[in-house]
> 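Right, I'll just put the structure down here and ask away after.
Computed from a predicted model, the values in this text were never measured in an experiment.
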Amino acid sequence: QVQLVESGGGLVQPGGSLRLSCAASGSILSINAMEWYRQAPGKERELVAAATSGGRTNYADSVKGRFTISRDNAKNTVYLQMNSLKPEDTAVYYCKCNAREWRFRMAYDYWGQGTQVTVSS
């Protein structure tokens with residue numbers, strides 16, 4: 001089983017910054033995409049940013065120009081740098097890893113436990 005451990009959430013004022021981290025561990029053979037999602041109260045979970053193993057990145061329109069996703073493939077870690085934070089960014093943020101373990105033929109999705117980000121004055 002692949003495990004994802006998230007860190008970096010907290011309370012920040014509007015206009016502030018946070019950096020989230022997500023480290024994957026386990027019997028990993030390879031990792032395809034690593035992604036960040038968020039879910040606000042009463043809303044569906046939405047994709048925020050994605051990064052493939054080849055370095056391609058994608059962002060939700062609401063965070064373009066403010067958030068940056070990056071990967072350290074040697075450490076099996078993905079980061080989300082969040083700048084110019086707004087109250088509407090308040091949500092629980094989850095990382096997701098599409099990975100193949102040595103014991104399986106197929107790749108599967110694995111989720112982190114979530115970390116709370118609150119943007120408030």
Side-chain angles (χ1 to χ4, degrees):
Q1 178 74 29
V2 174
Q3 296 190 41
L4 304 180
V5 179
E6 301 180 30
S7 63
L11 175 64
V12 65
Q13 294 184 341
S17 298
L18 286 173
R19 187 180 71 165
L20 307 183
S21 299
C22 177
S25 62
S27 55
I28 299 171
L29 182 64
S30 61
I31 296 178
N32 186 16
M34 298 191 78
E35 303 171 339
W36 287 98
Y37 290 76
R38 68 185 181 188
Q39 187 167 23
K43 297 184 179 296
E44 297 295 317
R45 189 171 299 185
E46 64 173 338
L47 178 65
V48 176
T52 70
S53 61
R56 182 181 296 274
T57 60
N58 294 100
Y59 299 92
D61 289 340
S62 60
V63 307
K64 286 181 179 177
R66 300 187 298 119
F67 290 11
T68 302
I69 187 171
S70 61
R71 291 176 58 166
D72 185 338
N73 291 327
K75 297 181 178 180
N76 290 332
T77 299
V78 63
Y79 305 92
L80 185 67
Q81 178 67 46
M82 304 183 293
N83 298 325
S84 302
L85 283 163
K86 304 174 181 179
E88 51 263 44
D89 295 318
T90 296
V92 177
Y93 284 71
Y94 300 88
C95 66
K96 188 185 78 173
C97 171
N98 185 260
R100 181 182 175 184
E101 296 183 82
W102 67 266
R103 71 194 74 178
F104 301 125
R105 296 293 306 273
M106 306 294 290
Y108 298 93
D109 289 337
Y110 301 89
W111 289 89
Q113 82 282 3
T115 184
Q116 176 71 47
V117 172
T118 302
V119 184
S120 176
S121 59

> Has the side chain of Arg100 got a donor or acceptor atom that lies under 3.5 Å from a matching backbone atom of Leu29?
no

> Specify whether Tyr93 and Phe67 have parallel, tilted or perpendicular ring planes, treating 30° as the upper limit for parallel and 60° as the lower limit for perpendicular.
tilted

> Taking the side chain as every heavy atom from C-beta outward, state whether Ile31 and Cys97 have any pair of such atoms under 4.5 Å apart.
yes

> Between the side chains of Gln81 and Tyr79, does any donor sit under 3.5 Å from an acceptor?
no

> Are side-chain heavy atoms of Arg38 and Glu46 found at a separation under 4.5 Å?
yes

> Looking at Lys96, Arg45, Glu44, which hits side chain to side chain donor-acceptor pair (under 3.5 Å) with Tyr37?
Lys96

> Using a cut-off of 6.0 Å, state whether more than 12 heavy atoms not belonging to Gln116 lie near its atom CD.
yes

> Looking only at heavy atoms, which two atoms of Val48 and Val63 are closest? And how far apart?
O-CG2, 3.7 Å

> Could you check whether any side-chain heavy atom of Ile28 comes within less than 4.5 Å of a side-chain heavy atom of Val2, counting everything from C-beta outward?
yes

> Counting only heavy atoms not in Arg56, do more than 12 fall under 6.0 Å of its CZ?
no

> Which residues pass the side-chain hydrogen bond (donor to acceptor under 3.5 Å, both in side chains) test with Glu6, not counting sequence neighbours?
none

> Restricting to non-hydrogen atoms, name the atom on Val117 and the atom on Gly9 that form the minimum distance, rounded to 0.1 Å.
CG2-CA, 4.2 Å

> Looking at side-chain heavy atoms only, is the closest gap between Ser121 and Gln13 below 4.5 Å?
no

> Identify the two heavy atoms, one from Asn76 and one from Met34, that lie closest to each other, and give their separation to 0.1 Å.
O-CE, 4.2 Å

> With no hydrogens and no angle check, is any side-chain donor or acceptor of Tyr59 less than 3.5 Å from a backbone partner on Gly65?
no

> Could you tell me which residues satisfy side-chain hydrogen bond (donor to acceptor under 3.5 Å, both in side chains) with Asn73, sequence neighbours excluded, listed by chain and number?
Arg71

> Do Val12 and Trp36 belong to the same hydrophobic cluster, where Ile, Leu, Val, Met, Phe, Trp and Tyr are linked whenever their side-chain heavy atoms lie under 4.5 Å apart, directly or via other members?
yes

> Do NZ/NE/NH1/NH2 and the carboxylate oxygens of Asp61 and Lys64 come within less than 4.0 Å?
yes

> Do Cys95 and Cys22 have their SG atoms less than 2.5 Å apart?
yes

> Would Tyr108 and Leu4 show up in the same hydrophobic cluster when neighbours are defined by side-chain heavy atoms closer than 4.5 Å?
yes

> Is it true that atom CD of Glu88 has more than 12 heavy atoms of other residues, nucleotides or ligands lying nearer than 6.0 Å?
yes

> At what distance, to the nearest 0.5 angstrom, does CG of Asn58 lie from CD of Glu35?
9.0 Å

> Would you name the heavy atoms of Asn83 and Ser17 that are closest together and state the gap between them?
OD1-OG, 2.9 Å

> Only one of Leu20, Val92, Leu80 forms a side-chain contact (heavy atoms from CB on, under 4.5 Å) with Thr115, so which one is it?
Leu20

> Quick check on the hydrophobic clustering: are Met82 and Val119 connected, directly or via other members, by side-chain heavy-atom contacts under 4.5 Å?
yes

> Ignoring hydrogens and angles, state whether a donor on the side chain of Glu101 or Ser27 is under 3.5 Å from an acceptor on the partner side chain.
yes

